[in-house]
Student: 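Once you've had a glance at the structure underneath, I'll fire off some questions.
Chain letters run A, B, ... following the sequence lines, proteins first, then strands; residues in each count from 1.
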Number of protein chains: 2
Amino acid sequence: MPTVSSEELAAAAGVNSAKLRKDFSYLGSYGTRGVGYDVEYLVYQISRELGLTQDWPIVMVGIGNLGAALANYGGFASRGFRVAALIDADPAMTGKSVAGMAVQHADELEKIIDANGVSIGVIATPAGAAQQVCDRLVAAGVTSILNFAPTVLSVPDGVDVRKVDLSIELQILAFHEQRKAGEGQEEDVADVDVAGAVDAGGSAAAAAAATKQTRKGPDGDVPAVMPA
Amino acid sequence: MPTVSSEELAAAAGVNSAKLRKDFSYLGSYGTRGVGYDVEYLVYQISRELGLTQDWPIVMVGIGNLGAALANYGGFASRGFRVAALIDADPAMTGKSVAGMAVQHADELEKIIDANGVSIGVIATPAGAAQQVCDRLVAAGVTSILNFAPTVLSVPDGVDVRKVDLSIELQILAFHEQRKAGEGQEEDVADVDVAGAVDAGGSAAAAAAATKQTRKGPDGDVPAVMPA
DNA sequence: CAGTGTGAAATGCTTCACAGCT
DNA sequence: AGCTGTGAAGCATTTCACACTG
């Protein structure tokens, strides 16, 4: 299949074909009228725009269960990410092999970041250590941080933080599950609106533990909840 | 602090106070004019609406690094989730203790779901096993699935699937990082629009590996990418 | 003539602004 | 006097529909 039409792609993706064409048009005119899009060329252009063709060295701090799971995760390499180092504060971890790579001690952090030109860091430490690790990453020159620790990090302007809360997705499923159960005979009409707000991720409650911590415009955040 | 105003909450959350009030109003009128919202009452109402006050038994299938990390994750219990069982297909795993719980063999799947009234399942298996596990979960009565395996699952109508791709968040950071680097002297004006589309999570490309697999309206999905 | 690229219409979401309650 | 709750305005995104092109 050398070419594909916006209609086919849209059907496969479950979106409107006009939206797909408009989205693609922002990247330039890569389609051919009457024919469609050249698959190989399109993949290349989108890959390039999203930065998939670049090599992104990252450091991962905190090699517990989650850190190890992430280090073993195959999806990173295929998307241009290269794990430059696995770092843990526990001396007992130092030298251990995780995902075919020796864990290094936290003392090495700055040296590693500098030597590899790392600008993206992943924090998978316990909550208590996260802010401290974050500060060191930023001081060493990291400007993007992916935070799996259940804490909101504070960072200076110009540094991006995204927070992943693994329980939020479950939360969303449970919300819909609850709705399935109480089907039909609920009291207030507002139900529909609430479901909409949660799906849209635009509800105010979402901001409490927003994925992108500092934000202005709308973004793709999933909704969060009040303190547990 | 017994009460809080929409202004204070909005500032803390980084959103507009009118939006916050409108969101809250969908749940009912829980505020007091001239005073604000009673904190305890508000937390209770929101918790109830989101299903936090219920007990949700879940089964986790695939106890590798990621499964173990999830089993140990503290955030679940505090949000009403109770891990009813950890399940793995590998007989060598059976009986092993993970997060203080004995791993059970996949043969027990149906029995466990039935006995505990489980309606939510978490799949953390390798990609190859995911669809098969999914089918068994659905056949046994599970109606919501959280999928960490890098595969799109097909399910019958009425079953919700959410897919978590751990590399997508990194992808988004890299995208902005690339943008920081190329600041100012880029060729085309479209850059701004592309960034907007990615942040909004509304881009057509997002649907390729959408978090909520089957969808109609806009939702809180993060954007994805073309095949890696 | 099939299918892109895109103005214009339609829809949806956010913010303003103020009436009304405590 | 202070703050909620909400119609109405403003802004953004999505879809329609069609001129245009290979």
Side-chain angles (χ1 to χ4, degrees), chain A residues 1-39 41-42 45 188-190 192-207 210 215-221 223, chain B residues 1-11 13-39 41-42 45-46 188-190 192-207 210 215-221 223:
Chain A
M1 197 179 199
T3 67
V4 66
S5 72
S6 62
E7 203 65 61
E8 292 169 297
L9 275 178
V15 298
N16 183 292
S17 68
K19 180 170 207 312
L20 193 139
R21 287 200 301 278
K22 191 154 264 185
D23 276 14
F24 283 3
S25 77
Y26 290 128
L27 307 178
S29 288
Y30 298 138
T32 307
R33 291 170 190 230
V35 179
Y37 299 90
D38 181 88
V39 173
Y41 187 51
L42 182 64
Q45 289 298 344
D188 50 340
V189 192
V192 177
D193 295 294
V194 174
V198 169
D199 277 346
S203 80
R215 63 195 200 147
K216 267 184 178 154
D219 61 30
D221 294 347
Chain B
M1 197 177 199
T3 68
V4 66
S5 71
S6 63
E7 203 66 63
E8 291 169 295
L9 276 179
V15 297
N16 183 290
S17 68
K19 180 170 206 316
L20 194 139
R21 286 201 300 281
K22 191 153 265 190
D23 276 14
F24 283 4
S25 77
Y26 290 129
L27 307 178
S29 288
Y30 298 137
T32 307
R33 290 167 192 235
V35 179
Y37 299 88
D38 181 87
V39 172
Y41 187 52
L42 183 63
Q45 289 296 346
I46 293 180
D188 51 339
V189 192
V192 178
D193 295 296
V194 175
V198 169
D199 277 347
S203 81
R215 63 195 198 148
K216 265 184 177 154
D219 61 29
D221 293 346

Student: Would you indicate which nucleotide in C/dG5, D/dG5, D/dG7 comes nearest to any side-chain atom of B/K22?
Tutor: D/dG7
Student: To the side chain of B/R33, which of C/dT4, C/dT6, C/dG20 is closest?
Tutor: C/dG20
Student: For B/V4 and A/V35, take the nucleotide of DNA chain D holding the closest heavy atom to each; which residue's nucleotide lies nearer the 5' end?
Tutor: B/V4
Student: State, to 0.1 Å, how close A/V15 and A/L20 come at their nearest heavy-atom pair, and which atoms those are.
Tutor: CG2-CD1, 4.2 Å
Student: Tell me: OH of B/Y41 to P of D/dT4, nearest whole Å?
Tutor: 16 Å
Student: Rounded to whole angstroms, how far apart are CZ on B/F24 and C1' on D/dT6?
Tutor: 16 Å
Student: Could you check how far CG of A/D38 sits from P of D/dG22, rounded to whole Å?
Tutor: 16 Å
Student: Taking atom C1' of D/dT4 as reference, at what distance in whole Å does atom CG of B/L42 sit?
Tutor: 13 Å
Student: Would you mind reading off the distance between B/L20 atom CG and C/dC16 atom C1', rounded to a whole angstrom?
Tutor: 16 Å
Student: Can a side chain N or O of A/Y30 be found less than 4.0 Å away from OP1 or OP2 on C/dG3?
Tutor: no
Student: Measuring from atom CG of B/L9 to atom OH of B/Y37, what distance do you get when rounded to the nearest 0.5 angstrom?
Tutor: 8.5 Å
Student: Would you say a side-chain N or O of A/T32 is under 4.0 Å from OP1 or OP2 of D/dG22?
Tutor: no
Student: A/L27 has an atom CG; how far is it from atom P of C/dT4, in whole Å?
Tutor: 15 Å
Student: Think B/S29 has a side-chain N or O under 4.0 angstrom from the OP1 or OP2 of D/dG5?
Tutor: yes
Student: Name the closest nucleotide to the B/A18 side chain, picking from D/dG5, C/dT6, C/dT15.
Tutor: C/dT15
Student: Could you measure the distance from the OG1 atom of B/T3 to the CD atom of B/E8? Nearest 0.5 Å is fine.
Tutor: 7.5 Å
Student: Starting at atom CG of A/N16, determine the distance to atom P of C/dT4, rounded to an integer number of angstrom.
Tutor: 13 Å
Student: Minimum heavy-atom separation for B/S17 to B/S6, with atom names?
Tutor: CB-O, 3.8 Å
Student: Send over the distance from A/Y37 OH to C/dA2 P, rounded to a whole Å.
Tutor: 18 Å
Student: Between D/dT13 and A/K19, counting only base atoms on the nucleotide and side-chain atoms on the residue, is there a donor-acceptor pair under 3.5 Å?
Tutor: no
Student: Rounded to the nearest 0.5 Å, how far apart are OH of B/Y41 and OH of B/Y30?
Tutor: 5.5 Å
Student: Nearest of C/dT22, D/dT6, C/dT4 to any side-chain atom of A/S5?
Tutor: C/dT4
